[in-house]
Amino acid sequence: MRRCSWSSLGSTAALAVASAGCTAPAMGELMVAVQTDMAVPKDLDHVEMEVLSDGNPVILNDLKELGPNRFQLPGTRGLTVSEDPSREIRIRVRALLGKRIRVEHTVLTTVPEDRVATLWVPLHFLCSMDAEGGEAREPDLAGACPDDPACAAAACGERRVSAASLPDYAEQDVLHHACFDAAKCFQRVSPLEDGDLDAEDCTIAARDGDVNIAIATEGDGACGAAGCFVPLDAESDFGWRRRDDGRIALPKALCSPGRLARLGVVVSPVTPSCPPKQIAQPLCPADEGRPVVLAARQRSPIALAVSEDGVFWTEQGTLSDEHEALEHNVDGAVKRVARVGGPPETIASKQAVPRHLALGDGDEVFWTNRGVAGAAATALMRWSPGGGNARPWLNVEQLGHSGSLEALAMDGESLFWTQLPDGGALGRVGFAMLDPRDEPAPATLADTHHANRMAAANNVVCWTDVGQDSAENDTANGSVQCKKRSSSEIVSVGAGERKPYGVALDAENPAEVFWVNFEGEVVRASLDGARRDVIFQDLDAPGPYGIALDERRVYWTNRIQGTVNVLPRDAPPGSACRSGACTLATGQLNPGAIAVDGDAIYWINEGSPVVGSTGKADGAVVRLARPPPP
């Protein structure tokens, strides 16, 4: 059996030359067309093919790297008829992310004798496996096949196809379709109403007119400002079909209880720029000039941190009241995702309301668990890569203070945290040395009224305190304080602050401290307390919440206005930001914590307000490319 080299739209010149022998179809040929409904190379970065004939290898370990300047999907590989046309061949295609297999699809078929036929071998999200690559993400997910990873159309096992049923091959129908812009086409989706989805037969109610349908995911598929989506092929055995009664049949595996607990279904009308999705259409790349969701469908995320290896965040889980720990469930998590996006990974589950986190050497993660009365206590948690499950670094007895843990910061030598007031006692700022040779010995750095957020860098630690509750509801009784390791003195760098929240220090040279006041201010001060400048003020637009620095700029989120904003770090006092001059992103849902690295800005959208919430999965982790230098 002769086999042709891979061919794809947009292949490099070398691949195009190698494929030249297959561009002219030969009689008796099978064109294996490989496609995916996930994003390349974010979700998949390699594809591998194996072909066996009567158990004898025809193609083995044929691995291609995927990407904009590499091999692209859809791609085809031609197989010509053998001396015995009835001989069955086994075609196995695998998709990988890094070194792990995410999807495997196996087909048993024959090569037609007298024509060139197309065999689609799609690599489906519903067939994908988890980060370990050997177990299904949930035990009841029919689409992920831990015992036999072969999977097609979200059904386990090898797929047998009659060559007589395959359509004739036409290159323009396979390799020359425009990409499908899922981020745009599902930017304004129609949520399913109660009763729309019948999980028993996996159908949704009829829709008027032509529609596009997608699976709403945490991070797989095409991600844009509105979330991450895996679009389903229209009127296809691999996607969805409209039944005679008008109801729309979805892939059965989507409706397993485990999948419905973490995935959604969204519907959007067909428009001239968003025609019905077809199998030959690849997904369009993300628009890096706009906010791009890295992780969607998060339940009350609150804090994040960024390292070379990814973005880490805490997800509080099911919350019903913002202040009563008794109403919390122990279903929080700590997660991470690659900085470019992809399938999020849970590094710790069943956490008791995880709040803030800090990264140590080698992506060691520390975080504060606020705790759940009667179920799981307050604890300062620790997780090390390759070190197994998360474990308490300091439990409530070791902490020596019963107030709930809140903020967290690290300066390389020490870990700092804040605890809230409890039982009439003041709150506190605590710390402990990060000495691997000894057990941590917690100590009190300062007593506080309501220590809120904190930052630490290069032997300096600063924290914000929203102040003592006032019967007159005075909003200007907060403070910001800093301490250098070399000094025993705690310096008040800000007094009479209007509900100070986020605080930030320069990681390399912390000569100044920046913070935001929730009532509408961005403040810069010297660490000795001699200078305090309000570089931005708009008391008619309250809500500044999170803050971060790069070498030239200060970035902040506004929780009430739903914006992400920027100013030069050396901006003069009273800088104007009229007409959106300082705004980088609008329309965010309760944006909170924010971080910056050399390439991008990252922030948390906390989602629906906590009070009255039941853990609605509408929070997100978002990335935006940094603006060019001024």
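Residue numbers start at 1 and run along the sequence shown.
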Determine whether the side chains of E364 and S384 contain a donor N or O and an acceptor N or O closer than 3.5 Å.
yes

Strictly by modelled atom types, are R299 and Q316 linked by a side-chain donor-acceptor pair under 3.5 Å?
no

Would the F366 and W393 ring centres measure less than 6.0 Å apart?
yes

Can you tell me if Q351 and W367 form a side-chain donor-acceptor pair at under 3.5 Å?
yes

Would you kindly say whether R485 and N459 are connected by a side-chain donor-acceptor distance under 3.5 Å?
yes

Hydrogens and angles aside, do D309 and S307 bring a side-chain donor and acceptor to less than 3.5 Å of each other?
no

Restricting to ring pair (Phe, Tyr, Trp, His ring centres under 6.0 Å), what partner residues turn up for W556, sequence neighbours left out?
F536

Walk me through it: do R336 and E315 pass the test salt bridge (charged side-chain N to carboxylate O under 4.0 Å, His left out)?
CA-CA 11 Å; R336 68 177 172 186; E315 184 185 26; over 6 Å; no

Please tell me whether R297 and T217 have a donor and an acceptor in their side chains that are separated by less than 3.5 angstrom.
no

Taken in chain and number order and not counting sequence neighbours, the residues that satisfy side chain to side chain donor-acceptor pair (under 3.5 Å) with E413 are none

I'd like to know if the side chain of D465 and the backbone of G467 have a donor-acceptor N/O pair within less than 3.5 Å.
yes

Axial cation check for Y545 ring with R559, 6.0 Å and 45° limits:
yes

Hey, does the side chain of T346 reach the backbone of K335 with a donor-acceptor pair shorter than 3.5 angstrom?
no

